[in-house]
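Below, chains carry the letters A, B, ... as their sequence lines are ordered, and counting in each starts from 1.
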There are 2 protein chains.
Amino acid sequence: MSTSRSTIRDVARAAGVSISTVSLVLNNKGHVSEATRRRVLKAARELGYVPSRAARDLSLKRTGNIGFVLRDDHFTRSEPFYTYIFLGTEFEARLHNLYVLLTTIPRDYQPRVHTPRFLRERNVDGLLVAGKVSDTFLQEVRAMKLPTVLIDYEAEGFPAVVIDNQGGARVAVEHLLQQGHRRIAFVGADLQHPSIANRLEGYRGALVRTGQTPDPALVLVDEEAEPTRATGQRLGQRLLELKTRPTAAFCANDALALGVMETLLQAGLRIPEDVALVGFDDVQGATQAPVPLTSVRVFKEQLGELAMRHLVERMTPDETRRPYARGQHIIVVPCELVVRASSAHRKAYPPA
Amino acid sequence: MSTSRSTIRDVARAAGVSISTVSLVLNNKGHVSEATRRRVLKAARELGYVPSRAARDLSLKRTGNIGFVLRDDHFTRSEPFYTYIFLGTEFEARLHNLYVLLTTIPRDYQPRVHTPRFLRERNVDGLLVAGKVSDTFLQEVRAMKLPTVLIDYEAEGFPAVVIDNQGGARVAVEHLLQQGHRRIAFVGADLQHPSIANRLEGYRGALVRTGQTPDPALVLVDEEAEPTRATGQRLGQRLLELKTRPTAAFCANDALALGVMETLLQAGLRIPEDVALVGFDDVQGATQAPVPLTSVRVFKEQLGELAMRHLVERMTPDETRRPYARGQHIIVVPCELVVRASSAHRKAYPPA
DNA sequence: GTGAAAGCGCTAACAA
DNA sequence: TTGTTAGCGCTTTCAC
């Protein structure tokens, strides 16, 4: 017990069988009689036997690791969005007896310089990429022919697990419409980001569906900026300067919404009486905001779990499965609206 | 290139030597002639050879992994404190060619139920534990006889890398004293936490050193609570109810300080004119607070780096090192005061 | 200085 | 149903 750990040999000896039998039992393979199976299991338990990962991996020609890559600035954001996603993958990984190797890459990724070590050494069987990353990185990954799944981001040729951005945005805007709002602004940033673009689409869709004509003047977007609180503050300023001020704004994410809120409150406006606000992501800060923020809740851990599950499926060529297209599957995860004070019912327009 | 990766055999063949020679060259061992050394290196480079981790680990009887454990509620805090620490360890790990396996444990850790998988399977060569964790967990770790280093926490029998809590607190309070403050409160929580206890010590020390007698009435502590923003709000209330209000408060961390600030501002007090505030940790939110918060900056990534380095030292029994006590080394990392508006010079008391 | 060979602990043919 | 054996790719004695 106190000496070095026991091996498959020890178990075999203790159970009075050969090591291959032990291997078969432990991996539920082949046909082993119930009697020996029990003996083996018992011996293994009594010896506190745990298979050596290195030995198994060497024999199986795999690593048992999954790489998880995200941008460092995303990982260290004050909102633990990607942290939850990571925890989701980690949870699912346990079910498959895999380890997750987490590494960050810089925003301005340089192809050979910043390549994660586990990729360089080919020390992962599959790869998970969370959030928007440099395209040069994705190109490198593409060239490696490694099973890969993106999370909360989309790119040519990669399967991905994404939020139902469009659907969530639509529900959010429909909620505002239902509250009686007719002049609803959209606050956004970097439209290159598929998520943001989709949220804008959802916003437009909701308006069009209800027979409205989206007013371009109400689309407040800073194409060059990241969707941060600071950007929200600036865009809030622009909102204030509009000739006819909107009565509500749907913001592409909570950070932006919180920034807008700050600006509006400082300008002396009331929320939601003067301007109702809805965000997206439902971050922790949404609840604690001066005016609790209505938002679209995203199930971050679920994103991670699903991505890992999907990755594992792609890694194990299951013969029993039909030969579906090996292409770019996109898994869309639903989200849900959480109504808080920032968009509470306006006295003037009671809900339908 | 497109087929499976090349092995040490391939390199040996290409260089016209034996595999043991290749091994020696690649590990800088034994005496190999400069000529063959070059040939081997060249061959390895041309073949894009990367040693198999599994094979090496199997042979070396090690795993090449380091476990990193922290509480899930710490990891998902909105302040990426532990995220930075993790990144520090990850950075240092690369230098030693180690992988870091990150896992969280619940706050209410249950001994055999929640044991991290890599510990159960003994799949790490060393362990890093960040932040306060359940004592039952540490007991389990103790029993494993695994090289371990704590980070930002201390416990019997474990080496640790910690912030200079006492020193930082002292500097913070000295700063307030220098601003002319004489009634300085201490705002804290859970004194069981060594960091908080030490910060209180530093606070007292600064006062005593300058010949003051610490006033127990000014020590506002909620022993039962965690040092969070909510706790800070409550303690801020208690501060307001004091018969003779302090002119300044040193808070055990930024979360508490931010909570106190919120309460004071809502009560109509001005900061720093009515009450000056100083926090600890220098979190991201400190800069963005309504009144930018003076705080003690902590070099989080450095904590992680040092811990990893120390762990690696303990893992590799270096014969050349003197047989120092194998005991509980505590590495103290300095921190520095960052002065912002929340404690800016008061007109009444110009700086010395 | 270099090579042959054993062995790390496991899986998977292949025999029996 | 079970056992024998040949690897998996590397490190490391031990000869030469």
In whole Å, what is the span from the CZ atom of A:Arg5 to the P atom of C:dG9?
-> 9 Å
Nearest-neighbour nucleotide for the B:Thr21 side chain, C:dT2, C:dT11, C:dC10 considered | C:dT2
Round to the nearest Å and state the distance from A:Leu58 atom CG to C:dC10 atom P.
-> 12 Å
Cut-off 3.5 Å, side chains only: do A:Arg53 and B:Asn65 have a donor facing an acceptor?
-> no
Quick one: label B:Asn27 by what it contacts on the DNA or RNA (base, sugar-phosphate, nothing), any heavy atom closer than 4.0 Å.
-> sugar-phosphate
Within 45° cone of A:Tyr99 ring axis and under 6.0 Å: B:Arg117 NZ or CZ = yes
Check: B:Thr136/B:Gln110 side-chain N/O donor and acceptor closer than 3.5 Å = no
note: A:Ile8, atom CD1; C:dC8, atom C1'; distance rounded to Å ~ 14 Å
Within less than 4.0 Å of OP1 or OP2 of C:dG9, is there a side-chain N or O belonging to A:Thr7?
-> no
A:Arg53 has an atom CZ; how far is it from atom P of C:dC10, in whole Å?
-> 13 Å
Could you list where the contact with chain A starts and ends along DNA chain D, reading 5' to 3', using a 4.0 Å heavy-atom cut-off?
-> D:dT1 to D:dG9
Atom CG of A:Leu26 and atom C1' of C:dA12: how far apart are they, to the nearest Å?
-> 15 Å
If you check the B:Ile19 side chain, which of C:dG9, C:dA5, C:dA12 turns out closest?
-> C:dA5
Short side-chain donor-acceptor distance under 3.5 Å, A:Asp125 and A:Thr63 = yes
B:Leu60 vs B:Ser33, nearer the 5' end of DNA chain C by closest nucleotide | B:Ser33
Ignoring hydrogens and angles, answer whether the base of C:dA12 and the side-chain atoms of A:Ser59 contain a donor-acceptor pair closer than 3.5 Å.
-> no
Do other residues, nucleotides or ligands put more than 12 heavy atoms under 6.0 Å from the CZ atom of B:Arg38?
-> no
Rounded off to whole Å, could you give me the CG-to-C1' distance for the A:Asp10 and C:dG9 pair?
-> 10 Å
B:Lys61 NZ - C:dC10 C1' separation (whole Å) = 13 Å
Can you check whether A:Ser23 has a side-chain N or O nearer than 4.0 Å to OP1 or OP2 of C:dA12?
-> no
Whole-Å gap separating C1' (C:dA12) and CZ (A:Arg56) | 13 Å
Looking only at side-chain N and O atoms, does A:Lys29 come under 4.0 Å of OP1 or OP2 in C:dT11?
-> no
Would you kindly say whether B:Ser23 and B:Ser20 are connected by a side-chain donor-acceptor distance under 3.5 Å?
-> no
Would you please classify the geometry between the A:Tyr82 ring and the A:His74 ring as parallel, tilted or perpendicular, with 30° and 60° separating the classes?
-> parallel
